[in-house]
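In each ligand, atom 1 is the first atom listed, and ligand 1 is the first ligand listed. As a basis for the values below, the full set of heavy atoms in this structure was taken, side chains included, without hydrogen atoms, waters or symmetry mates.
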Amino acid sequence: MNDLQAPPLQRMNGEHPWELLQRWRGEAVIVNYDREADAWIFIAIHSSLLGPAAGGTRMKCYDDPAAALADALDLAEAMTYKYAAANFPRGGAKAVIAISPAFNQANRAAFLRRYGKLIRQLGGLFRTGPDVGTSSDDMDVIAETGAPYIHALTPKAGGKGSSSPPTALGVFYAMEATAKFLFGDASLGGRRVLVQGAGGVGGNLIGRLLDAGAKVIFSDENEVAIKHFRDELGVEFVSPESAFDAPCDIFSPCALGGVLNRETIARLRCRAVVGAANRQLAEPGDLQRLEDRGVLYAPDFVVNVGGAMAITGMESMGWSEAEAKEHLGGIRDTLQRVYELARTEKLSTDAAARRIADENLERARQG
Ligand code: PHE
């Protein structure tokens, strides 16, 4: 591609990027088109009110760059709410890298180093860790040029490794709080839990649930994961198409977002949704749909803060593993407050969680 032919930003759902940006209530967006890799980098800084803005780096193919920008804006806002609900001293941000289907993995490291350089130039405006499509190994490479603003490097590079295990532990605690609220007993022993997506977070969660004596069902598309959990560990498997129809106590979305919509919510046969995926609901109306079906929804941004919180705490705030675990326990308390506030104020659980987050943001704004 020569210099004159960089692809123009296109319209997404009829919405021009300028309109997306105008509607967005964040602080700034850094845009970089990497010509060599034909990749768009969008770093959305939503808020630095509670502390330096931080969020994962998502790297995948998009139909057009505007869709990647829209994702960055939404996910950065979700990070603000995630940290704020937990009252953790970080602001919300996200990087979305839209690669082309022809992205050459042989040039991945060189590209990531250019990305790291950009982060270093931002001088602390943005800090990042792994997300969908990036790993701790990638963070090692990004940190070569982007340190000290890169989190979750591998232990051999001096980091605390993957954020998946602490994220899964936080989800586990959130499930306990949910069981306590619904059944009066926090124990997950004997409860049927469906884990949708047995990847980094979902796979770790399955192990914890089995240890706790829960009856686990999982669904995944990945052959390797199916082989491991179904064939080697003997975990009950349902195909991705029928995951929504399986009777269970807790349905746990641990893959990509947007899985709960008009069609899937009508099929759910669970008492609660408690999962790790970011932005699980396809649209705001889905909150009412869940409520109409008698399904208790644990707001995703309350449930899935564990990885970002534990890794950042251990790497930047001197927390020990034990202290990180204790802080993750706070997810249980926050979720309990959310459920109680929703009940007494007749709010959706999402609105209740936002109110708690907004109060924490407001307190920071005041002083
Ligand atoms: N993917 C993490 C999240 O969405 C982002 C993250 C991981 C941030 C590790 C910092 C450290 O919460």
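Here's the thing with Thr128: none of its N/O atoms is less than 3.5 angstrom from an N/O atom of ligand 1.
Relative to the six-membered ring of Tyr81, Arg354 meets both conditions, a distance below 6.0 Å and an angle of at most 45° to the axis.
Looking from atom 8 (C) of ligand 1 to the surrounding protein, the closest heavy atom is Ala308 CB, 3.6 Å. Here the heavy atom of the protein found nearest to atom 12 (O) of ligand 1 is Lys82 NZ, 2.8 Å. Of the protein's non-hydrogen atoms, the one nearest atom 5 (C) of ligand 1 is Gly56 N, 3.4 Å.
Every atom of ligand 1 with a heavy atom of Asn278 under 4.0 Å away is listed here by number and element: 4 (O). Near Lys94, meaning under 4.0 Å from one of its heavy atoms, ligand 1 places the atoms 4 (O).
Ligand 1 is never approached by Arg127 to a heavy-atom distance shorter than 4.0 Å.
Side-chain atoms of Asp286 come within 3.5 Å of backbone atoms of Glu283 as a donor-acceptor pair (strictly under, hydrogens ignored). Between the side chain of Asp249 and the main chain of Val193, no donor-acceptor pair closer than 3.5 Å is present. Between the side chain of Thr264 and the backbone N or O of Val259 there is at least one donor-acceptor pair closer than 3.5 Å.
When the options Phe111, Phe103, Tyr62 are evaluated for a side chain to side chain contact (heavy atoms under 4.5 Å, CB included) with Ile97, the one that passes is Phe111.
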Practice prompt. Determine, step by step, whether Arg337 and Asp333 satisfy the salt bridge (charged side-chain N to carboxylate O under 4.0 Å, His left out) criterion, reporting the C-alpha distance in whole Å, the side-chain angles of both residues, the deciding distance to 0.1 Å, and the verdict.
Written response: CA-CA 6 Å; Arg337 270 184 70 203; Asp333 309 328; over 6 Å; no
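Taking only non-hydrogen atoms, the option from Pro130, Gly55, Gly129 nearest to atom 2 (C) of ligand 1 is Pro130.
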